[in-house]
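Okay, so here's the structure we're looking at.
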Number of protein chains: 2
Amino acid sequence: MFVSTYESAIDAKGRVSIPAPFRAELGGSSRIFLWQALDGSGCLEGGGEALMAMYRATLTRLAPQSDVRKVLVNRIIAGSADLKMDETGRIKLPEDLCKAAELDGRIKFAGNMDSFQIWNPDKHAAYNASMEAAAASPDVMAAFGRAYSEVLHQQGAGHYNGPKLVEGGEG
Amino acid sequence: MFVSTYESAIDAKGRVSIPAPFRAELGGSSRIFLWQALDGSGCLEGGGEALMAMYRATLTRLAPQSDVRKVLVNRIIAGSADLKMDETGRIKLPEDLCKAAELDGRIKFAGNMDSFQIWNPDKHAAYNASMEAAAASPDVMAAFGRAYSEVLHQQGAGHYNGPKLVEGGEG
DNA sequence: TAGCTGCCCATGATATTCCAAATTTACACA
DNA sequence: TGTGTAAATTTGGAATATCATGGGCAGCTA
């Protein structure tokens, strides 16, 4: 899982080091996909072959000529840059994506579970601030609580009686 | 999988370089099929022998004299150009397909998972813009989310607990 | 014979790989 | 707890390989 946030820099040749903990998540593959986040937040979103395979399976599930599928294929499949890390874990960011996300100089890598995000540091700070404010809403924690309960049930834990929440926890 | 978007040019002799990453998807074969996209978007759609084999199997499944089958055979099988790449990975675009898709000068190759598209750059830009606008719809992300969850479930991953999302990733 | 087509080689631009230095991080030991 | 050593990571730059593109030539066709 892509966790935490790291800062990195774009060098004179447009190269960027992927944070080592994120590289480890790519399972030995050196292939990275990058596209513009669909939510209009202005950041880039990225992942490795495993994520793209999941997306392919997901998109294939949608009706072939449906608007939803066409939109998502356009945004994610056609809109992706297909990049390869060099031996030291760097990729070259395409110009158009840099421009779209206003990347220049220093950037932030933010974990997003199955994928990660790449941010302009200023925009990331603003985004963080808005998230912090939104987290104060009771609705947020209420929704979280409901979902959490559902997961507990699903795992045969009708009532919580100990610290061991799932059988095979991840490393 | 055909991913990402690349720009190329039609030279004075009507030749077009297939982007190297797309050539790699053709599995060593130099045969390319091209036809007009069925959705009326005005682009061309193309693929290699593997895709055409899939289409053949699909069309064979349809009732022999059904209208559906006749339409699809006419559009895809009869409507396809059967082209061969030269040693440097170029094809010659047939005149009629160029005219139908308004191709002239520079063109765009857009990945479409199992196939790829060939666009007039202006039309592609307009298409992208409409897709970007459509992506803002909550319905789109909701549908994507549902399909993604289903895929996760199907893989016995009621909860996500590791970076390995699918068993046999594709090449 | 003129034009089209397929095949071949040349070239500039771009991307990738390789090497090495600098910096940071982790670890062992006092 | 502090310090020295080792490892890993991040950087910078140069050499190499790949790719897109242009043009030449021979053979086929009309």
Side-chain angles (χ1 to χ4, degrees), chain A residues 2-34 46 48-49 80-99 103-111 116 118-119 121 171, chain B residues 2-34 46 48 81-99 103-111 116-121 124:
Chain A
F2 295 100
V3 185
S4 193
T5 297
Y6 302 91
E7 190 167 352
S8 187
I10 306 178
D11 73 11
K13 292 166 78 175
R15 296 179 301 189
V16 168
S17 273
I18 306 292
F22 284 11
R23 287 208 294 269
E25 284 301 316
L26 298 173
S29 162
S30 63
R31 202 169 175 195
I32 287 187
F33 299 95
L34 272 187
E49 288 184 324
S80 273
D82 182 356
L83 308 173
K84 190 171 175 299
M85 283 194 298
D86 68 15
E87 293 299 312
T88 62
R90 288 179 293 194
I91 55 174
K92 184 174 189 312
L93 294 180
E95 288 252 347
D96 55 337
L97 289 180
C98 280
K99 199 177 295 179
L103 302 179
D104 169 42
R106 301 200 73 78
I107 64 176
K108 293 267 190 180
F109 283 85
F116 59 85
I118 298 182
W119 285 89
Chain B
F2 295 100
V3 186
S4 194
T5 297
Y6 302 92
E7 190 166 352
S8 188
I10 307 179
D11 72 11
K13 293 163 83 172
R15 297 176 302 185
V16 169
S17 273
I18 306 292
F22 284 11
R23 288 207 294 268
E25 282 300 315
L26 298 173
S29 162
S30 63
R31 204 170 174 194
I32 287 187
F33 300 96
L34 271 187
D82 183 356
L83 308 173
K84 188 170 175 299
M85 284 193 299
D86 69 15
E87 294 298 312
T88 62
R90 287 181 291 197
I91 56 174
K92 182 170 191 315
L93 294 180
E95 285 256 347
D96 56 337
L97 289 180
C98 279
K99 199 176 296 179
L103 302 180
D104 168 43
R106 301 200 73 78
I107 64 175
K108 293 266 190 181
F109 285 84
F116 59 85
Q117 301 172 331
I118 298 182
W119 285 89
N120 171 309
H124 185 243

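Residue numbers begin at 1 in each chain, while the letters A, B, ... track the order of the sequences.
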**Request:** Ignoring backbone atoms, establish whether B:Lys92 has a side-chain N or O less than 4.0 Å from OP1 or OP2 of C:dC4.
**Result:**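 Answer no for this pair, as no side-chain N or O of B:Lys92 is under 4.0 Å from OP1 or OP2.
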Mind calculating the distance between [atom1] ([X]) and [atom2] ([N]) to the nearest angstrom?
X        : N      : atom1 : atom2 : answer
A:Tyr6   : C:dT23 : OH    : P     : 23 Å
A:Asp86  : D:dT10 : CG    : C1'   : 11 Å
A:Ile107 : D:dT11 : CD1   : P     : 10 Å
B:Leu93  : D:dT21 : CG    : C1'   : 15 Å
B:Ile10  : D:dA20 : CD1   : P     : 15 Å
A:Lys84  : D:dC19 : NZ    : P     : 12 Å
A:Glu7   : C:dT23 : CD    : C1'   : 16 Å

**Item:** Pair of N/O donor and acceptor under 3.5 Å linking C:dG6 base with B:Arg90 side chain
**Value:**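 Per atom types, no contact qualifies.
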**Message:** I'd like to know if A:Arg15 reaches the base of D:dG13 with its side chain such that a donor and an acceptor end up less than 3.5 angstrom apart.
**Reply:**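 Counting by modelled atom types and ignoring angles, a donor-acceptor contact under 3.5 Å is found here.
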Considering every strand and a 4.0 Å limit on heavy-atom distances, what is the contact class for [X]: base, sugar-phosphate, or nothing?
X        : result
B:Ala9   : sugar-phosphate
A:Asp11  : sugar-phosphate
A:Ile91  : nothing
A:Arg106 : nothing
A:Ile18  : sugar-phosphate

I need the [X] [atom1] to [Y] [atom2] distance, nearest 0.5 Å.
X        : Y        : atom1 : atom2 : answer
B:Trp119 : B:Phe109 : CH2   : CZ    : 14.0 Å
B:Asp82  : B:Ile32  : CG    : CD1   : 10.5 Å
B:Cys98  : B:Ile107 : SG    : CD1   : 7.5 Å

Nearest-nucleotide pick for [X], side chain only, options being [options]:
X       : options                : result
A:Thr88 : D:dA20, C:dT17, C:dA20 : C:dA20
A:Glu87 : D:dT9, D:dC19, C:dC18  : C:dC18
B:Lys13 : C:dT5, C:dT17, D:dG12  : C:dT5

**Request:** Give a yes or no on whether the backbone of B:Ser4 and the side-chain of A:Ser80 come within a donor-acceptor separation of less than 3.5 Å.
**Result:**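 No, because the side chain of A:Ser80 does not come within donor-acceptor range (under 3.5 Å) of the backbone of B:Ser4.
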**Prompt:** Partners of A:Arg90 by side-chain hydrogen bond (donor to acceptor under 3.5 Å, both in side chains), sequence neighbours excluded?
**Reply:**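 Checked A:Arg90 against side-chain hydrogen bond (donor to acceptor under 3.5 Å, both in side chains); matches are A:Asp86, A:Thr88.
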